[in-house]
Amino acid sequence: MPEIDWKKAVLRYLSAEEKDSTRSLYEAAFPEDTKRFVDYYYQYRTRDNEILVLEQDGTAVSMLHRNPYTLIVNGYELRSDYIVAVATQKEFRHQGCMRALLERALRDMAEQDMPFTFLMPASESIYAPFDFVWICPYTALPAHVLRMDADAQNRYLATRYQMFCRRDARYLENLREEQKAEAGEASSGKVPPFMARITDVRGMLSLAGSREERELFLHVKDAIIEKNDGYFRWITEPDKSRAEKLGGAPERVDLELSVGELASLLFGSFRICLSEYV
């Protein structure tokens, strides 16, 4: 079995012109997806996304796709990447390729001040060690809502949920083409729920408010993202929230928790609607 030479292996993002070179890896890793769906994915989804690959001898042996979405969280608009198409060539599996890709992607998101990332896992056991936690089930919207234009859908969602993906022309175009690609295909059954991972603790805390004004001091542990690891002062008010990282331990610590435990605490307070597949 071939092995990864970690001294020579290269982690990098592909240019727009290079993205199609990963199609054979996608098809090998996800044989359940029809040619029509893969055609759709590589025509529409890859035009906006980022594909991180691990290369050996100039060939991508493993990949991770970061598909961008604009989310509304408690009235704030932000970018969050949906991680999909995480795949490794069969002969290179169980050698740490996915770990290398995932840790690099998470650190890159942190540098971009992205509060969190989300995904629909093939298995909880794959992502839980990286502090991903369950946040919500897949939400199937009523047919009459899906017939609304983008603005009407956003108004509908805003009255019912605290967190959802904002609709716009590009979102609806992708959705229409996805539905065409899946037309006539049998349902694969129950859709898995979503998991998420905090990539910027300070930014994430600023999204979560409280009915009363409070000042809390947190000790957050994050083994992957350095800027998330440490002490934070978090002030919540009815209409806003703010947070700052401290240079050292405060006089008191109200909560000591892992970044995954913090994610469970914060996402558990949101009413969430996610209806995205890729």
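Just so it is clear, the structure is predicted and the values come from calculations on it, not from any experiment. The analysis underlying the following values was restricted to heavy atoms, covering all of them including side chains, and did not include hydrogens, waters or symmetry mates.
Side chain to side chain, Glu18 and Ser15 meet the donor-acceptor criterion of an N or O pair below 3.5 Å. Remark: the Asp33 side chain and the Tyr41 side chain contain no N/O donor-acceptor pair separated by less than 3.5 Å.
The number of heavy atoms from other shown groups lying within 6.0 Å of CD (Glu215) is above 12. Within a 6.0 Å sphere centred on CD of Glu251, heavy atoms belonging to other residues, nucleotides or ligands number 12 at most. Open room surrounds CZ on Arg202; 12 or fewer heavy atoms of other groups in view lie less than 6.0 Å from it. The neighbour count for His94 NE2, taken as heavy atoms of other residues, nucleotides or ligands under 6.0 Å away, does not exceed 12.
Salt bridge status for Arg155 with Asp151: absent, with no side-chain N to carboxylate O gap under 4.0 Å. Using a cutoff of 4.0 Å between basic side-chain nitrogens and carboxylate oxygens, Glu237 and Arg242 are scored as salt-bridged. With respect to Arg79 and Glu50, a salt bridge is recorded, a charged nitrogen being found less than 4.0 Å from a carboxylate O. Taking the charged nitrogens against the carboxylate oxygens, Asp200 and Lys245 have no contact shorter than 4.0 Å, which rules out a salt bridge. Salt bridge present: Asp222 and Arg197 bring a charged side-chain N and a carboxylate O closer than 4.0 Å. The pair Lys227-Asp113 meets the salt-bridge criterion, since a charged nitrogen lies less than 4.0 angstrom from a carboxylate oxygen. Here Glu177 pairs with Lys180 in a salt bridge; the nearest charged N to carboxylate O distance falls below 4.0 Å.
Side-chain N or O atoms of Arg104 include none that pairs as donor or acceptor with a backbone N or O of Leu101 at under 3.5 Å. With Gln162 contributing its side chain and Arg271 its backbone, the two residues share a donor-acceptor pair below 3.5 Å. At distances below 3.5 Å, not a single donor-acceptor pair connects side-chain atoms of Thr22 with backbone N or O atoms of Leu25. Proximity of a side-chain donor or acceptor of Lys19 to a complementary backbone N or O of Asn49 within less than 3.5 Å is detected. No donor-acceptor distance shorter than 3.5 angstrom exists from the side chain of Thr236 to the backbone of Glu213, with no hydrogens or angles considered. Remark: side-chain polar atoms of Thr117 are paired, donor with acceptor, to backbone N or O of Asp81 under 3.5 angstrom. For Ser275 (side chain) and Thr139 (main-chain N/O), a donor-acceptor pair under 3.5 Å exists by modelled atom type. Glu124 places no side-chain N or O within donor-acceptor distance of the main-chain N or O of Phe132, the cut-off being under 3.5 Å.
Between Ala181 and Tyr40, the shortest heavy-atom contact is CB-CB, 3.7 Å. Closest of all the heavy-atom pairs between Leu266 and Ala208 is CD2-CB, 3.8 Å. Nearest heavy-atom pair across Gln56 and Asp5 is OE1-N, 2.7 Å. Heavy-atom minimum distance, Ile4 versus Gln95: N-OE1, 2.7 Å. When every heavy atom of Tyr138 is checked against every heavy atom of Met120, the shortest pair comes out as CD1-CE, 4.2 Å. Contact between Ala105 and Leu52 at its shortest, heavy atoms only, is N-CD2, 4.0 Å.
In this structure, the side chains of Met63 and Leu14 stay at 4.5 Å or more apart for every pair of heavy atoms. Looking at Pro142 and Tyr156, their side chains come closer than 4.5 Å, going by heavy atoms from C-beta outward. You'll find the side chain of Phe116 stays beyond 4.5 Å of the side chain of Met109, heavy atoms only. Proximity of Pro121 to Ile126: side-chain heavy atoms (C-beta onward) are nowhere separated by under 4.5 Å. Looking only at side-chain heavy atoms (C-beta outward), Leu78 and Leu207 come within less than 4.5 Å of each other. Asp131 is not listed as a side-chain neighbour of Ile224, based on a closest heavy-atom distance of 4.5 Å or more. Proximity of Arg23 to Thr46: side-chain heavy atoms (C-beta onward) are nowhere separated by under 4.5 Å.
Both Val84 and Tyr277 belong to a single network of hydrophobic side chains, linked directly or stepwise wherever heavy atoms of I, L, V, M, F, W or Y lie under 4.5 Å apart. In terms of hydrophobic clustering, with Ile, Leu, Val, Met, Phe, Trp and Tyr side chains grouped at heavy-atom distances under 4.5 Å, Ile235 and Leu218 are assigned to different clusters. Ile225 and Tyr231 end up in different hydrophobic clusters when Ile, Leu, Val, Met, Phe, Trp and Tyr side chains are linked at under 4.5 Å. One hydrophobic cluster holds both Val220 and Leu255 under the rule that ILVMFWY side chains link at heavy-atom gaps under 4.5 Å. Under the 4.5 Å side-chain contact rule for hydrophobic residues, Phe194 and Ile72 do not share a cluster.
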Test Ser80 against Phe118 for side chain to side chain contact (heavy atoms under 4.5 Å, CB included), laying out the working first.
CA-CA 8 Å; Ser80 181; Phe118 63 109; 3.5 Å; yes
Derivation of the side chain to side chain contact (heavy atoms under 4.5 Å, CB included) call for Asn67 and Glu276:
CA-CA 11 Å; Asn67 291 358; Glu276 291 67 37; over 6 Å; no
Output, in order, the C-alpha distance, side-chain angles, deciding distance and verdict of side chain to side chain contact (heavy atoms under 4.5 Å, CB included) for Ile135 and Met163.
CA-CA 11 Å; Ile135 59 166; Met163 173 175 154; 4.2 Å; yes
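Interatomic distance, CG of Leu64 versus CD1 of Ile51, reported as 10.0 Å (0.5 Å rounding). With rounding to the nearest 0.5 Å, the separation of CE in Met148 from CZ in Arg167 is 11.0 Å. The line from CG of Leu102 to CD1 of Ile83 is 5.5 Å long, rounded to the nearest 0.5 Å. Between the CG atom in Leu216 and the CG atom in Asp254 there is a gap of 5.0 Å [rounded to 0.5 Å]. Between Ile198 atom CD1 and Phe267 atom CZ the span is 6.0 Å, to the nearest 0.5 Å. Here Phe130 contributes atom CZ and Leu106 contributes atom CG; the two are 8.0 Å apart, rounded to the nearest 0.5 Å.
Looking at residues two or more places apart in sequence or on another chain, you find a side-chain hydrogen bond (donor to acceptor under 3.5 Å, both in side chains) between Gln112 and Arg66. The salt bridge (charged side-chain N to carboxylate O under 4.0 Å, His left out) check on Glu103 picks up Arg99, Arg107, with sequence neighbours excluded.
Checking Leu274, Asn154, Ile272 one by one against Phe164, the side-chain contact (heavy atoms from CB on, under 4.5 Å) holds for a single residue, Asn154. Each of Leu157, Leu71, Thr70 was evaluated against Arg166; a single residue qualifies, Thr70, per the side-chain contact (heavy atoms from CB on, under 4.5 Å) test.
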